[in-house]
Amino acid sequence: MKPNGSNTKFKLFAVCPPGIEDILSLELSSLGIKGRKVAGGVEFSGDLFTIYSVNLWSRVASRILLRVGNFRLLSLKEATDRFSRYPWELYIPDSTDIRIRATAHKSRIYHSGALKQRLLEGISRRLGHPIRLASERAGRNCPLLLVRMFRDRCQVSVDSSGEHLHKRGLKKFTVRAPLRENLAAAMLLASGWDRASDLVDPFCGSGTIIIEAVLMACMIPPGRRRKFAFMKWKNFDQGLWKHLLRRSDRLAIEPTGSIIGLDKDPAAVETSILNLEYAGLIPFARIIQEDVSCLERHCRSERGFIVTNPPYGQRLKENYSLTDLFATFGRIVKKRLPGWKLTLLCPQNPPSLRRSLGLSLDSRYRFLNGGLKVELLSSAID
């Protein structure tokens, strides 16, 4: 039963990397939230309980935005007055700087810098004192507002999350070109992993997929150890937030299947272990220094899941053949692991790389990883 919180209903938007909106929509449905998929995320509505819950539990979203206003705006002359009508005192603490991101497309107002300035003036008028834009160095801890003009309609939002939601506060160490946590979670959700079967990542790097898998298997919310922007709002309900944390703690369980990460690079193995220790999750996964050719010995169950982000692009040493690596990996999986299911990221270009795996693979999703176009491939090994 949901405790009493704010009865006010807000229009909300869960942001995600373009290309994985379906995964985010399914995740929100599992949290009891009905939304509408649009490019770059999912629109939905809810109260403070909803805002807190989605920030705490969403593994795929990048940010959760609260839609403050949406109105027709034809000139900059009226912009300051329109912006001043909204209750900014709820979301902007006294004497604080703010960040503003502004975009304008297909509208009579096309200057994003002027739009940003009018929003700043409107907020200052509403609060009764000057508000400044934050410097780049200090900006990370300041409220973030987003204003968007599209076809003469102005939409103003305030970020409820603070730092990007992929920053769980669970990883202290990294390797070159790491996979973002929300993309790792999206891979796991898209793989169909039931959270009870064995799971192996043979190219574990800094352990991102492994840590996300442990969080899922243990029913630990990804936001359990971090702070959020909504905690500084004037309508922040401390009691409601503590209730959510206590309830999440009661849901925690131990994994029933094995979760194993492999990597041939000793530095990557050490980094993964250190990250698991830092996150307090070391009892629930194993990290082993091993080449992919030894994958079979760690996949002892008749059925299980391989979810991985193999090296490619800048992650690969220049003197090593990417095609050979993918061909070897595909051959091992096909010959030695019947009954398992493989899900992996693969660059879209060159297309020959996918063919080198030698597997019948379905392309599930396409998105950007580190600025590179990739596709999420999946296959049941016969």
Side-chain angles (χ1 to χ4, degrees), residues 1-3 5-68 70 144 146 148 155 157-168 170 180-195 209 212-213 215-226 228-231 233 237 240-241 243-245 247-248 251-252 307 343 364-368 376 378:
M1 181 177 179
K2 185 170 73 172
S6 168
N7 292 321
T8 303
K9 290 289 184 180
F10 304 97
K11 293 182 178 180
L12 305 168
F13 184 65
V15 184
C16 71
I20 63 171
E21 294 89 348
D22 285 344
I23 304 175
L24 175 59
S25 180
L26 289 172
E27 181 192 44
L28 293 179
S29 295
S30 73
L31 297 175
I33 295 169
K34 295 181 179 180
R36 185 174 75 93
K37 287 182 295 182
V38 298
V42 177
E43 295 176 335
F44 60 105
S45 62
D47 54 13
L48 290 179
F49 180 89
T50 308
I51 295 172
Y52 299 173
S53 296
V54 178
N55 272 290
L56 177 65
W57 280 102
S58 179
R59 305 179 191 278
V60 179
S62 304
R63 297 184 183 278
I64 309 301
L65 304 181
L66 186 153
R67 302 300 200 194
V68 177
N70 190 318
L144 172 63
L146 300 96
R148 178 176 184 261
Q155 187 170 70
S157 306
V158 60
D159 171 42
S160 73
S161 302
E163 283 204 282
H164 194 292
L165 289 178
H166 86 270
K167 297 183 178 181
R168 320 291 205 205
L170 295 172
R180 281 193 169 188
E181 286 79 353
N182 61 326
L183 291 179
M187 291 177 63
L188 288 162
L189 291 171
S191 74
W193 180 50
D194 57 12
R195 310 187 187 196
I209 290 175
E212 291 299 308
L215 293 178
M216 289 184 184
C218 294
M219 288 291 290
I220 298 172
R224 184 62 179 86
R225 276 175 49 172
R226 56 161 284 167
F228 298 94
F230 63 71
M231 294 176 171
W233 294 356
D237 189 331
L240 178 60
W241 177 244
H243 166 81
L244 282 169
L245 295 183
R247 191 174 73 167
S248 72
L251 293 173
V307 181
T343 300
R364 304 287 304 280
Y365 302 95
R366 294 186 174 188
F367 49 89
L368 293 177
L376 186 61
S378 187

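Quick note: numbers below take in every heavy atom, side chains included, and nothing from hydrogens, waters or symmetry partners. Nothing here was measured: the structure is a model prediction, and the numbers come from that model.
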- Going from CG on L183 to SG on C16, what distance comes out if it is rounded to the nearest 0.5 angstrom? 9.5 Å
- Message: Within this structure, what is the CG-CD distance for the pair L28 and E43, rounded to the nearest 0.5 Å?
- Response: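 Those atoms lie 12.0 Å apart.
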Heavy atoms only: give me the nearest [X]-[Y] pair and the separation to one decimal.
X    : Y    : result
A184 : I209 : CB-CG1, 3.8 Å
G162 : A229 : N-CB, 3.4 Å
V158 : V68  : CG1-CG2, 3.8 Å
K9   : D47  : CD-N, 4.3 Å

Closer than 3.5 angstrom, by distance alone: can the side chain of [X] be matched with the main-chain N or O of [Y] as a donor-acceptor pair?
X    : Y    : value
R67  : F13  : no
R36  : V42  : no
S160 : I64  : yes
S53  : T50  : no
E21  : G40  : yes
E27  : R59  : yes
R364 : S378 : no

- Apply the side-chain contact (heavy atoms from CB on, under 4.5 Å) test between R226 and each candidate in N55, L170, L165; give the one that qualifies.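 It is L165, the one option of N55, L170, L165 that forms the side-chain contact (heavy atoms from CB on, under 4.5 Å) with R226.
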- Item | Contacts of A186 that satisfy side chain to side chain contact (heavy atoms under 4.5 Å, CB included) - sequence neighbours left out |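 Applying side chain to side chain contact (heavy atoms under 4.5 Å, CB included) to A186 gives I20, I23, V60.
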- Item | Partner set under side chain to side chain contact (heavy atoms under 4.5 Å, CB included) for R366, not counting sequence neighbours |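 Result, side chain to side chain contact (heavy atoms under 4.5 Å, CB included) vs R366: Q348, S363, E375.
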- Message: Using the ring-ring contact (aromatic ring centres under 6.0 Å, His included) criterion, which residues pair with W57? Sequence neighbours excluded.
- Response: none
- Query: Angle class for the F230/Y52 ring planes (parallel below 30°, perpendicular above 60°, tilted otherwise)?
  - Reply: parallel
- When you check the side-chain N and O atoms of D22 and S25, is any donor under 3.5 Å from an acceptor? no
